[in-house]
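The structure displayed is predicted, hence computed values, not measured ones. All values below were derived from every heavy atom in this structure, side-chain atoms included, with hydrogens, water molecules and symmetry-related copies excluded. Whatever order the structure lists ligands and atoms in, that order sets their numbers, starting from 1.
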Amino acid sequence: MAQEKLKIAIQKSGRLHDGSVNLLKECGIDVVNGVNKLKAEANNFPLEVYFFRDDDIPQYVEDAVADIGIIGENVMYESNKKVVFVEELGFATCRLSIAVRKGEEYKSASYLNGKKIATSYPVLLQNFLDKNNVKAEIHEISGSVEIAPGIGLADAICDIVSSGSTLFMNGLQEAEMILKSRTVLIKNNKLSEEKENLLKKLLFRIQSVKKAKNNKYILLNAPNEKLKEIISLLPGMKSPTVLPLAEPGWSSVHSVLNENDFWEIIEKLKANGAQGILVVPIEKMIM
Ligand code: PRT
Ligand code: ZN
(Lines give C-alpha, C1' and ligand atoms only; values in the text may rest on other atoms or scores of the structure.)
(Ligands and ions follow the chains in the order given, each with its own letter.)
Protein backbone atom coordinates (compact mmCIF):
# COMPACT_ATOMS: atom_id res chain seq x y z
CA MET A 1 0.00 0.00 0.00
CA ALA A 2 1.30 3.45 -0.88
CA GLN A 3 2.36 5.54 2.10
CA GLU A 4 -0.23 8.07 3.24
CA LYS A 5 0.69 11.72 2.91
CA LEU A 6 -0.11 14.47 5.35
CA LYS A 7 -1.96 17.35 3.67
CA ILE A 8 -1.18 20.83 4.94
CA ALA A 9 -3.11 23.97 3.95
CA ILE A 10 -1.20 27.24 3.95
CA GLN A 11 -2.09 30.74 2.75
CA LYS A 12 -1.74 31.16 -1.01
CA SER A 13 -0.49 34.71 -0.75
CA GLY A 14 -0.51 37.30 2.00
CA ARG A 15 1.01 37.84 5.40
CA LEU A 16 1.22 34.18 6.40
CA HIS A 17 2.50 32.75 3.12
CA ASP A 18 6.24 33.37 3.42
CA GLY A 19 6.37 32.50 7.12
CA SER A 20 4.58 29.20 6.45
CA VAL A 21 6.84 28.27 3.52
CA ASN A 22 9.96 29.25 5.51
CA LEU A 23 8.87 27.17 8.46
CA LEU A 24 8.62 24.08 6.26
CA LYS A 25 12.02 24.88 4.78
CA GLU A 26 13.55 25.26 8.24
CA CYS A 27 12.05 21.88 9.10
CA GLY A 28 14.12 20.46 6.24
CA ILE A 29 11.08 19.95 4.03
CA ASP A 30 11.73 20.70 0.43
CA VAL A 31 8.52 21.79 -1.31
CA VAL A 32 8.60 21.61 -5.08
CA ASN A 33 6.28 24.23 -6.47
CA GLY A 34 4.28 22.79 -9.34
CA VAL A 35 3.07 24.86 -12.29
CA ASN A 36 -0.33 24.70 -10.71
CA LYS A 37 0.04 26.66 -7.49
CA LEU A 38 -2.99 25.10 -5.84
CA LYS A 39 -0.95 22.14 -4.68
CA ALA A 40 2.71 21.24 -4.27
CA GLU A 41 4.57 18.14 -3.11
CA ALA A 42 7.42 17.77 -0.68
CA ASN A 43 10.08 15.51 -2.10
CA ASN A 44 11.69 14.46 1.18
CA PHE A 45 8.72 14.20 3.57
CA PRO A 46 5.29 12.61 2.96
CA LEU A 47 3.59 15.99 2.73
CA GLU A 48 1.28 17.66 0.22
CA VAL A 49 0.96 21.44 0.44
CA TYR A 50 -2.30 23.15 -0.56
CA PHE A 51 -2.49 26.90 -1.11
CA PHE A 52 -5.76 28.51 -0.05
CA ARG A 53 -7.17 31.84 1.12
CA ASP A 54 -6.62 31.96 4.86
CA ASP A 55 -10.35 32.34 5.60
CA ASP A 56 -11.09 29.03 3.84
CA ILE A 57 -8.50 27.00 5.74
CA PRO A 58 -10.57 26.19 8.90
CA GLN A 59 -13.42 24.82 6.75
CA TYR A 60 -11.05 22.72 4.64
CA VAL A 61 -9.38 21.31 7.75
CA GLU A 62 -12.75 20.55 9.36
CA ASP A 63 -13.84 18.76 6.18
CA ALA A 64 -10.50 16.86 5.93
CA VAL A 65 -9.71 18.37 2.52
CA ALA A 66 -6.50 19.20 4.40
CA ASP A 67 -5.34 17.38 7.54
CA ILE A 68 -3.56 20.34 9.08
CA GLY A 69 -3.34 24.08 8.38
CA ILE A 70 -1.56 27.28 9.32
CA ILE A 71 -3.75 30.29 10.21
CA GLY A 72 -4.10 33.20 12.61
CA GLU A 73 -6.14 32.57 15.75
CA ASN A 74 -8.30 35.51 14.66
CA VAL A 75 -9.46 33.44 11.66
CA MET A 76 -9.68 30.22 13.67
CA TYR A 77 -11.98 31.73 16.32
CA GLU A 78 -14.00 33.83 13.87
CA SER A 79 -14.74 30.79 11.70
CA ASN A 80 -15.93 28.68 14.64
CA LYS A 81 -15.08 25.41 12.87
CA LYS A 82 -14.40 22.10 14.60
CA VAL A 83 -10.62 22.08 14.33
CA VAL A 84 -8.00 21.33 16.95
CA PHE A 85 -5.20 23.65 18.04
CA VAL A 86 -1.79 21.95 17.72
CA GLU A 87 1.04 24.46 18.15
CA GLU A 88 1.83 28.16 18.23
CA LEU A 89 4.26 29.03 15.43
CA GLY A 90 5.77 32.31 16.51
CA PHE A 91 5.35 34.56 13.46
CA ALA A 92 2.86 37.23 12.28
CA THR A 93 1.48 37.76 15.77
CA CYS A 94 -1.12 40.54 15.87
CA ARG A 95 -4.15 41.69 17.84
CA LEU A 96 -7.81 42.31 17.12
CA SER A 97 -8.74 45.66 18.58
CA ILE A 98 -11.47 48.25 18.79
CA ALA A 99 -10.34 51.61 17.44
CA VAL A 100 -12.10 54.98 17.60
CA ARG A 101 -11.43 58.42 16.16
CA LYS A 102 -8.40 60.18 17.60
CA GLY A 103 -9.34 62.44 20.50
CA GLU A 104 -12.41 60.39 21.48
CA GLU A 105 -12.51 59.48 25.13
CA TYR A 106 -12.96 55.70 25.34
CA LYS A 107 -13.01 54.62 28.98
CA SER A 108 -14.71 51.25 28.66
CA ALA A 109 -16.72 49.11 26.27
CA SER A 110 -19.90 50.94 27.29
CA TYR A 111 -18.66 53.78 25.05
CA LEU A 112 -19.82 51.58 22.17
CA ASN A 113 -23.49 51.50 23.26
CA GLY A 114 -25.66 52.62 20.34
CA LYS A 115 -22.65 53.08 18.06
CA LYS A 116 -21.97 51.66 14.61
CA ILE A 117 -18.86 49.46 14.39
CA ALA A 118 -17.31 48.34 11.10
CA THR A 119 -15.45 45.03 11.07
CA SER A 120 -14.55 41.88 9.15
CA TYR A 121 -14.84 39.97 12.44
CA PRO A 122 -18.57 40.07 13.32
CA VAL A 123 -18.48 36.88 15.42
CA LEU A 124 -15.59 37.90 17.66
CA LEU A 125 -16.94 41.43 17.93
CA GLN A 126 -20.44 40.25 18.88
CA ASN A 127 -18.93 37.98 21.56
CA PHE A 128 -17.04 40.92 22.98
CA LEU A 129 -20.13 43.16 22.95
CA ASP A 130 -22.27 40.45 24.59
CA LYS A 131 -19.68 39.83 27.28
CA ASN A 132 -19.70 43.54 28.10
CA ASN A 133 -23.48 43.96 27.83
CA VAL A 134 -23.13 46.44 25.02
CA LYS A 135 -25.74 46.94 22.30
CA ALA A 136 -24.12 48.25 19.15
CA GLU A 137 -24.71 47.93 15.43
CA ILE A 138 -22.18 45.76 13.61
CA HIS A 139 -21.46 46.78 10.05
CA GLU A 140 -19.66 43.91 8.30
CA ILE A 141 -17.22 44.86 5.55
CA SER A 142 -14.55 42.71 4.00
CA GLY A 143 -11.67 45.09 3.47
CA SER A 144 -10.32 48.61 4.20
CA VAL A 145 -12.18 48.67 7.49
CA GLU A 146 -9.96 51.50 8.71
CA ILE A 147 -11.50 54.04 6.34
CA ALA A 148 -15.06 53.48 7.63
CA PRO A 149 -15.08 56.19 10.35
CA GLY A 150 -13.48 58.72 7.99
CA ILE A 151 -16.23 58.32 5.38
CA GLY A 152 -19.00 58.36 7.96
CA LEU A 153 -19.84 54.66 7.64
CA ALA A 154 -19.12 53.86 11.28
CA ASP A 155 -18.21 55.41 14.64
CA ALA A 156 -15.61 52.78 15.47
CA ILE A 157 -13.89 49.78 13.94
CA CYS A 158 -12.78 46.37 15.10
CA ASP A 159 -9.77 45.24 13.10
CA ILE A 160 -6.35 43.60 13.14
CA VAL A 161 -3.52 45.79 14.37
CA SER A 162 0.18 45.07 14.37
CA SER A 163 2.38 48.19 14.27
CA GLY A 164 -0.57 50.58 14.64
CA SER A 165 0.50 52.71 11.66
CA THR A 166 -2.68 51.98 9.63
CA LEU A 167 -4.80 53.32 12.50
CA PHE A 168 -2.55 56.33 12.89
CA MET A 169 -2.67 57.20 9.20
CA ASN A 170 -6.46 57.05 9.25
CA GLY A 171 -6.85 59.32 12.25
CA LEU A 172 -7.80 56.50 14.60
CA GLN A 173 -6.58 55.34 17.99
CA GLU A 174 -6.57 51.86 19.47
CA ALA A 175 -9.12 51.77 22.28
CA GLU A 176 -9.23 48.16 23.45
CA MET A 177 -7.71 44.84 22.46
CA ILE A 178 -10.28 42.07 22.20
CA LEU A 179 -8.00 39.20 21.09
CA LYS A 180 -4.25 38.63 21.06
CA SER A 181 -3.80 36.53 17.96
CA ARG A 182 -0.95 34.12 17.24
CA THR A 183 -0.30 32.16 14.09
CA VAL A 184 -1.05 28.52 14.84
CA LEU A 185 -0.99 25.02 13.42
CA ILE A 186 -4.43 23.38 13.51
CA LYS A 187 -5.54 19.84 12.69
CA ASN A 188 -8.63 17.91 11.74
CA ASN A 189 -10.16 16.26 14.80
CA LYS A 190 -10.20 12.72 13.36
CA LEU A 191 -6.79 12.05 11.84
CA SER A 192 -5.84 8.44 11.12
CA GLU A 193 -3.13 6.90 13.27
CA GLU A 194 -0.71 7.05 10.37
CA LYS A 195 -1.35 10.75 9.87
CA GLU A 196 -1.06 11.44 13.59
CA ASN A 197 2.38 9.80 13.45
CA LEU A 198 3.40 11.97 10.51
CA LEU A 199 2.15 15.04 12.36
CA LYS A 200 4.20 14.02 15.40
CA LYS A 201 7.33 13.91 13.23
CA LEU A 202 6.57 17.30 11.73
CA LEU A 203 5.82 18.77 15.14
CA PHE A 204 9.10 17.49 16.54
CA ARG A 205 10.89 19.38 13.75
CA ILE A 206 8.82 22.54 14.29
CA GLN A 207 9.59 22.50 18.01
CA SER A 208 13.32 22.04 17.35
CA VAL A 209 13.30 25.02 14.98
CA LYS A 210 11.36 27.15 17.49
CA LYS A 211 13.72 26.26 20.35
CA ALA A 212 16.74 27.07 18.21
CA LYS A 213 15.30 30.50 17.38
CA ASN A 214 14.89 31.29 21.07
CA ASN A 215 18.47 30.37 21.86
CA LYS A 216 21.99 31.41 20.87
CA TYR A 217 25.25 29.53 20.97
CA ILE A 218 27.90 31.42 22.89
CA LEU A 219 31.70 30.95 22.88
CA LEU A 220 34.03 32.98 25.07
CA ASN A 221 37.48 33.02 26.60
CA ALA A 222 37.64 33.04 30.38
CA PRO A 223 40.54 33.52 32.79
CA ASN A 224 40.81 30.28 34.80
CA GLU A 225 40.58 32.04 38.15
CA LYS A 226 37.12 33.34 37.15
CA LEU A 227 35.92 30.11 35.55
CA LYS A 228 33.66 29.13 38.45
CA GLU A 229 31.78 32.46 38.41
CA ILE A 230 31.48 32.46 34.62
CA ILE A 231 30.19 28.88 34.50
CA SER A 232 27.58 29.67 37.13
CA LEU A 233 26.18 32.34 34.76
CA LEU A 234 25.83 29.85 31.89
CA PRO A 235 23.29 27.06 32.34
CA GLY A 236 23.84 25.42 28.92
CA MET A 237 21.84 22.41 27.75
CA LYS A 238 23.47 20.17 30.38
CA SER A 239 26.45 22.20 31.54
CA PRO A 240 28.89 24.38 29.61
CA THR A 241 31.80 22.85 27.67
CA VAL A 242 35.20 24.04 28.94
CA LEU A 243 38.37 23.56 26.86
CA PRO A 244 41.89 24.74 27.68
CA LEU A 245 43.28 27.51 25.46
CA ALA A 246 46.84 27.39 24.08
CA GLU A 247 47.58 30.40 26.30
CA PRO A 248 48.15 29.20 29.90
CA GLY A 249 45.64 30.38 32.48
CA TRP A 250 42.75 30.71 29.99
CA SER A 251 39.91 28.48 28.90
CA SER A 252 37.37 28.50 26.12
CA VAL A 253 33.76 28.14 27.33
CA HIS A 254 30.85 27.10 25.06
CA SER A 255 27.20 27.19 26.01
CA VAL A 256 23.62 27.97 24.98
CA LEU A 257 21.80 31.11 26.08
CA ASN A 258 18.13 31.95 26.03
CA GLU A 259 17.36 35.04 23.95
CA ASN A 260 15.45 36.65 26.83
CA ASP A 261 18.36 36.50 29.29
CA PHE A 262 20.92 37.34 26.65
CA TRP A 263 21.94 40.96 27.32
CA GLU A 264 21.87 40.68 31.06
CA ILE A 265 24.10 37.61 31.07
CA ILE A 266 26.55 39.07 28.54
CA GLU A 267 27.07 42.08 30.81
CA LYS A 268 27.76 39.86 33.81
CA LEU A 269 30.16 37.71 31.78
CA LYS A 270 32.14 40.78 30.77
CA ALA A 271 32.19 42.02 34.35
CA ASN A 272 33.74 38.67 35.31
CA GLY A 273 36.57 39.00 32.80
CA ALA A 274 35.18 37.06 29.82
CA GLN A 275 36.77 38.08 26.51
CA GLY A 276 36.34 37.37 22.81
CA ILE A 277 32.65 36.62 23.22
CA LEU A 278 31.11 35.13 20.08
CA VAL A 279 27.36 34.64 19.76
CA VAL A 280 26.03 32.56 16.89
CA PRO A 281 22.55 31.51 15.81
CA ILE A 282 21.50 27.89 16.23
CA GLU A 283 19.81 26.19 13.32
CA LYS A 284 18.15 23.28 15.14
CA MET A 285 18.00 22.33 18.77
CA ILE A 286 17.17 18.72 19.63
CA MET A 287 16.50 18.07 23.30
O1 PRT B 1 -6.21 36.59 0.63
P2 PRT B 1 -6.38 36.07 1.99
O3 PRT B 1 -7.80 36.02 2.46
O4 PRT B 1 -5.66 34.76 2.18
O5 PRT B 1 -5.56 37.08 2.94
P6 PRT B 1 -6.08 38.28 3.86
O7 PRT B 1 -5.93 39.54 3.11
O8 PRT B 1 -7.40 37.95 4.48
O9 PRT B 1 -5.07 38.18 5.07
P10 PRT B 1 -3.65 38.85 5.30
O11 PRT B 1 -2.63 38.21 4.41
O12 PRT B 1 -3.73 40.32 5.35
O13 PRT B 1 -3.42 38.36 6.81
C14 PRT B 1 -3.35 37.01 7.14
C15 PRT B 1 -3.22 36.88 8.64
O16 PRT B 1 -2.03 37.56 9.07
C17 PRT B 1 -4.31 37.52 9.48
O18 PRT B 1 -5.46 36.71 9.59
C19 PRT B 1 -3.62 37.72 10.82
O20 PRT B 1 -3.68 36.52 11.57
C21 PRT B 1 -2.17 37.96 10.43
N22 PRT B 1 -1.73 39.37 10.52
C23 PRT B 1 -0.62 39.80 11.18
C24 PRT B 1 -2.31 40.45 9.97
C25 PRT B 1 -1.52 41.56 10.32
N26 PRT B 1 -0.48 41.12 11.06
C27 PRT B 1 -1.92 42.88 9.84
N28 PRT B 1 -1.21 43.84 10.14
N29 PRT B 1 -3.42 40.60 9.21
C30 PRT B 1 -3.76 41.82 8.78
N31 PRT B 1 -3.07 42.96 9.05
C32 PRT B 1 -3.60 44.22 8.45
C33 PRT B 1 -4.79 44.80 9.18
O34 PRT B 1 -6.00 44.26 8.69
C35 PRT B 1 -4.68 46.29 8.89
O36 PRT B 1 -5.22 46.60 7.63
O37 PRT B 1 -2.63 45.22 8.44
C38 PRT B 1 -3.18 46.48 8.82
C39 PRT B 1 -2.68 46.87 10.17
O40 PRT B 1 -1.28 46.78 10.24
P41 PRT B 1 -0.43 47.87 11.01
O42 PRT B 1 0.96 47.31 11.04
O43 PRT B 1 -0.51 49.14 10.23
O44 PRT B 1 -1.01 47.99 12.39
ZN1 ZN C 1 -8.39 36.36 4.34
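Below 4.0 Å from some heavy atom of Gly72 lie the following atoms of ligand 1, by number and element: 20 (O). For ligand 1, the atoms closer than 4.0 angstrom to any heavy atom of Gly164 are 41 (P), 42 (O), 44 (O). In the vicinity of Val161, heavy-atom distances shorter than 4.0 Å reach the ligand 1 atoms 44 (O). Close approach to Val75 involves these atoms of ligand 1, each under 4.0 Å from a residue heavy atom: 18 (O). Taking a cut-off of under 4.0 Å to the non-hydrogen atoms of Gly14, the atoms of ligand 1 that pass are 11 (O). Heavy-atom contacts of Cys94 reach the following atoms of ligand 1: 19 (C), 20 (O), 21 (C), 22 (N), 23 (C), 26 (N) (cutoff under 4.0 Å).
Within a 4.0 Å radius of atom 7 (O) of ligand 1, the protein has no heavy atom.
Among Thr166, Leu167, Asp56, Asn170, the residue whose heavy atom lies closest to atom 38 (C) of ligand 1 is Thr166. Across Gln11, Glu146, Met76, heavy-atom proximity to atom 36 (O) of ligand 1 is greatest for Glu146.
Protein heavy atom closest to atom 14 (C) of ligand 1, with residue, atom name and distance, is Asp54 OD2, 3.4 Å. For atom 28 (N) of ligand 1, the nearest non-hydrogen atom of the protein is Ser162 OG, 3.3 Å. Here the heavy atom of the protein found nearest to atom 1 (O) of ligand 1 is Arg53 NE, 3.6 Å. Among all non-hydrogen protein atoms, the one lying nearest atom 23 (C) of ligand 1 is Ala92 O, 3.4 Å. Of the protein's non-hydrogen atoms, Leu16 CG, 3.7 Å is the one closest to atom 15 (C) of ligand 1. Ranking the protein heavy atoms by distance from atom 41 (P) of ligand 1 puts Ser163 OG, 3.4 Å first. With respect to atom 25 (C) of ligand 1, the closest heavy atom belonging to the protein is Arg15 CD, 3.3 Å. Atom 35 (C) of ligand 1 has its closest protein heavy atom at Ile160 O, 3.5 Å.
If you look at Ser165 next to ligand 1, the close heavy atoms, those under 4.0 Å, come from the backbone and the side chain alike. Heavy atoms of Asn74 found under 4.0 angstrom from ligand 1 belong exclusively to the side chain. Counting heavy atoms under 4.0 Å from ligand 1, residue Ile71 does not touch it at all.
The angle that Asp54 OD1 and Asp55 OD1 make at the Zn ion (ligand 2), rounded to 10°, works out to 80°.
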Exercise. Run the salt bridge (charged side-chain N to carboxylate O under 4.0 Å, His left out) check on Glu41 and Lys5 step by step: do they pass?
Worked result: CA-CA 10 Å; Glu41 297 262 343; Lys5 287 189 178 172; 2.7 Å; yes
For this session: List the steps and the verdict of side-chain contact (heavy atoms from CB on, under 4.5 Å) for Ile138 and Thr119.
Result: CA-CA 7 Å; Ile138 298 180; Thr119 190; 3.8 Å; yes
Exercise. Can you check side-chain contact (heavy atoms from CB on, under 4.5 Å) on Leu112 and Tyr106, steps first, answer last?
Worked result: CA-CA 9 Å; Leu112 299 166; Tyr106 180 106; 3.9 Å; yes
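Using modelled atom types and a 3.5 Å distance limit, the side chains of Gln59 and Asp63 yield a donor-acceptor pair. Ser192 and Glu4 are linked by a side-chain donor-acceptor pair at a separation below 3.5 angstrom, with hydrogens and angles left out of the test.
A salt bridge does not link Lys180 to Glu73: none of the charged side-chain nitrogens sits closer than 4.0 Å to a carboxylate oxygen. Salt bridge status for Lys200 with Glu196: absent, with no side-chain N to carboxylate O gap under 4.0 Å. Of the charged side-chain nitrogens involved, at least one lies within less than 4.0 Å of a carboxylate oxygen, so that Lys195 and Asp67 count as a salt-bridged pair.
Contact between Val161 and Ser97 at its shortest, heavy atoms only, is CG2-CB, 4.0 Å. Pairing each heavy atom of Val61 with each of Lys187, the nearest pair is CG1-C, 3.4 Å.
Screening Lys284, Lys213, Arg205 for a side-chain hydrogen bond (donor to acceptor under 3.5 Å, both in side chains) involving Glu26 leaves a single residue, Lys213.
Ile218 has its side chain out of reach of Leu278: every pair of non-hydrogen atoms, C-beta onward, lies at least 4.5 Å apart.
For the pair Lys115 and Tyr111, the distance from NZ or CZ to the six-membered ring centre is under 6.0 Å and the angle to the ring normal is within 45 degrees.
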